[in-house]
Undergrad: 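The structure under discussion is supplied below as structure tokens; questions concerning it will follow.
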Amino acid sequence: MAKSAVPPSDHGTVMPTMATTLYDRMRADLLAGRLLPPGRKLQIEFLSHHYGAGQTPVREALNRLTADGLVEQRDQRGFAVAAVSPADLVEITNTRCWLEEIALRKSMASGSAQWEEELVLAFHRLTKTQRSLHPDRFEANPEWEQRHRAFHRALIGGCGSRWLIGFCEQLADQLYRYRQLSVQKIFPDRPIQQEHEALMEAITAGDADLAVSLLTEHYQKTARIVLEDPDAFGD
């Protein structure tokens with residue numbers, strides 16, 4: 001199975017259990033769209049065979065993924081890939097914008113040298129990484145995805161609230177899943193590097209209002225692209 005473009009959850013340095021390892025693998029596949037379509041029934045027996053794991057750790061992983069909002073539990077019918085809808089995308093996007101406005105403003109107001117250094121480093125690493133492995137067609141670059149997530153995490157990393165960062169990370173996971181529905185249409189026309197550069201310039205200048213405006217538009221533009229794609233949500 002291909003390696004996920006999204007970094008697995010951070011479980012620290014403790015040796016992961018089989019259920020945790022399975023959770024990470026299934027989470028990565030759900031986010032990357034390898035268990036599509038949304039609403040697909042996730043049969044325990046199939047998953048056990050597919051991942052080479054027993055049914056008990058599979059159920060444990062599915063329960064954790066249900067809590068993450070990536071899987072739905074349907075009463076007596078078992079588990080399914082979480083459904084998608086235009087209304088859900090709009091709600092998730094708006095919520096992320098609201099929460100990250102607070103986090104970004106607090107990060108900028110903190111004046112933390114460590115936060116600024118980590119943000120500059122994350123931005124530098126992102127700009128040095130190609131979005132696609134192929135110049136003429138989209139071929140996801142796992143390293144870019146990891147560095148893109150690291151950059152956005154660094155933007156809000158100085159807010160001083162691990163709970164706020166955690167909520168933003170959960171919303172980022174959900175929106176990554178939606179972004180995968182239309183990623184072919186986003187590349188290569190969208191000047192995403194320019195959007196990141198403008199955001200960094202606003203932060204460097206200390207203009208919190210402009211930085212928040214640019215970050216909000218960055219997320220809303222992604223949502224519009226997916227919403228305008230007639231194939232994104234299926235029938």
Side-chain angles (χ1 to χ4, degrees), residues 3-14 24 27-28 31 68 92-133 140-180 183 186-188 190-225:
K3 185 177 180 181
S4 169
V6 178
S9 295
D10 182 8
H11 298 287
T13 57
V14 179
D24 284 336
R27 174 181 175 276
L31 291 174
D68 291 344
I92 294 170
T93 301
N94 288 341
T95 305
R96 187 182 188 188
C97 290
W98 298 332
L99 293 183
E100 292 209 11
E101 173 176 356
I102 297 172
L104 180 56
R105 286 187 184 278
K106 286 189 173 295
S107 294
M108 292 182 67
S110 72
S112 168
Q114 180 180 352
W115 170 68
E116 293 179 1
E117 290 171 2
E118 291 176 353
L119 178 57
V120 169
L121 179 59
F123 175 69
H124 175 74
R125 287 173 173 169
L126 178 60
T127 58
K128 297 300 181 182
T129 309
Q130 293 296 319
R131 176 69 181 91
S132 172
L133 293 175
N141 183 354
E143 185 177 11
W144 187 92
E145 292 292 354
Q146 291 171 350
R147 292 185 172 183
H148 183 242
R149 174 61 68 90
F151 170 68
H152 278 278
R153 187 185 300 117
L155 285 170
I156 62 173
C159 70
S161 171
R162 64 183 178 88
W163 286 97
L164 181 54
I165 292 172
F167 292 141
C168 291
E169 282 287 284
Q170 188 173 359
L171 292 168
D173 282 344
Q174 292 290 339
L175 290 177
Y176 176 85
R177 181 168 169 257
Y178 273 96
R179 182 159 60 86
Q180 293 304 99
V183 70
I186 295 173
F187 179 85
R190 183 176 180 181
I192 196 164
Q193 182 168 326
Q194 294 177 22
E195 294 175 30
H196 292 151
E197 289 175 352
L199 179 56
M200 282 297 296
E201 288 175 2
I203 292 172
T204 301
D207 191 336
D209 290 339
L210 178 58
V212 166
S213 177
L214 290 170
L215 183 61
T216 297
E217 174 57 21
H218 183 66
Y219 293 146
Q220 294 289 357
K221 185 173 183 179
T222 298
R224 288 196 299 270
I225 291 171

Undergrad: State whether Asp173 and Arg149 are salt-bridged, where the test is any N-O pair (Lys NZ or Arg NE/NH1/NH2 against Asp/Glu carboxylate O) under 4.0 Å.
TA: yes
Undergrad: Should Leu126 and Gln193 count as side-chain neighbours, where that means a heavy-atom distance under 4.5 Å?
TA: no
Undergrad: Under the side-chain hydrogen bond (donor to acceptor under 3.5 Å, both in side chains) test, which residues partner Gln130, sequence neighbours left out?
TA: none
Undergrad: Under the rule for salt bridge (charged side-chain N to carboxylate O under 4.0 Å, His left out), what residues qualify as partners of Glu117, not counting sequence neighbours?
TA: none
Undergrad: Rounded to the nearest 0.5 Å, how far apart are CG of Leu199 and NE2 of His152?
TA: 7.5 Å
Undergrad: Measuring from atom OG of Ser107 to atom CD1 of Ile102, what distance do you get when rounded to the nearest 0.5 angstrom?
TA: 11.5 Å
Undergrad: Is Glu145 salt-bridged to Arg131, going by a charged N under 4.0 Å from an acidic O?
TA: yes
Undergrad: Can you name the side chain to side chain contact (heavy atoms under 4.5 Å, CB included) partners of Thr93, sequence neighbours left out?
TA: Leu89, Cys97, Leu175, Tyr219, Gln220, Ala223
Undergrad: Excluding sequence neighbours, so at least two apart, what forms side-chain hydrogen bond (donor to acceptor under 3.5 Å, both in side chains) with Gln114?
TA: Glu118
Undergrad: Which heavy atom of Thr129 sits nearest a heavy atom of Trp144, and at what distance?
TA: O-CD1, 3.3 Å
Undergrad: With respect to Glu100, which candidate in Leu155, Thr95, Ile156 satisfies the side-chain contact (heavy atoms from CB on, under 4.5 Å) definition?
TA: Ile156
Undergrad: Which side-chain N or O atoms in residues 200-212 pair as donor and acceptor under 3.5 Å with protein atoms at least two apart or in another chain?
TA:
from: Thr204; atom 1: OG1; to: Met200; atom 2: O; distance (Å): 2.8
from: Asp207; atom 1: OD1; to: Asp209; atom 2: N; distance (Å): 3.4
from: Asp207; atom 1: OD1; to: Leu210; atom 2: N; distance (Å): 3.0
from: Asp209; atom 1: OD1; to: Arg105; atom 2: NH1; distance (Å): 3.0
from: Asp209; atom 1: OD1; to: Arg105; atom 2: NH2; distance (Å): 3.0

Undergrad: When you check the side-chain N and O atoms of Gln170 and Gln174, is any donor under 3.5 Å from an acceptor?
TA: no
Undergrad: For Ala172 versus Arg96, what's the shortest heavy-atom pair and its separation?
TA: CB-NH2, 3.5 Å
Undergrad: Output all residues satisfying ring pair (Phe, Tyr, Trp, His ring centres under 6.0 Å) with Phe151, sequence neighbours left out; order by chain, then residue number.
TA: Phe123, His196
Undergrad: Please name all residues satisfying side chain to side chain contact (heavy atoms under 4.5 Å, CB included) with Ser161, sequence neighbours left out, ordered by chain then number.
TA: Cys159, Trp163, Leu164
Undergrad: Taking only residues two or more places apart in sequence or in another chain, which ones pass salt bridge (charged side-chain N to carboxylate O under 4.0 Å, His left out) with Arg147?
TA: Glu143
Undergrad: With sequence neighbours excluded, tell me which residues meet side chain to side chain contact (heavy atoms under 4.5 Å, CB included) with Lys221.
TA: Arg190, Pro191, Glu195, Glu217, Arg224, Ile225
Undergrad: Could you tell me which residues satisfy side chain to side chain contact (heavy atoms under 4.5 Å, CB included) with Ala150, sequence neighbours excluded, listed by chain and number?
TA: Arg153
Undergrad: With rounding to the nearest 0.5 Å, note down the distance linking CG in Leu99 to CD in Glu169.
TA: 12.5 Å
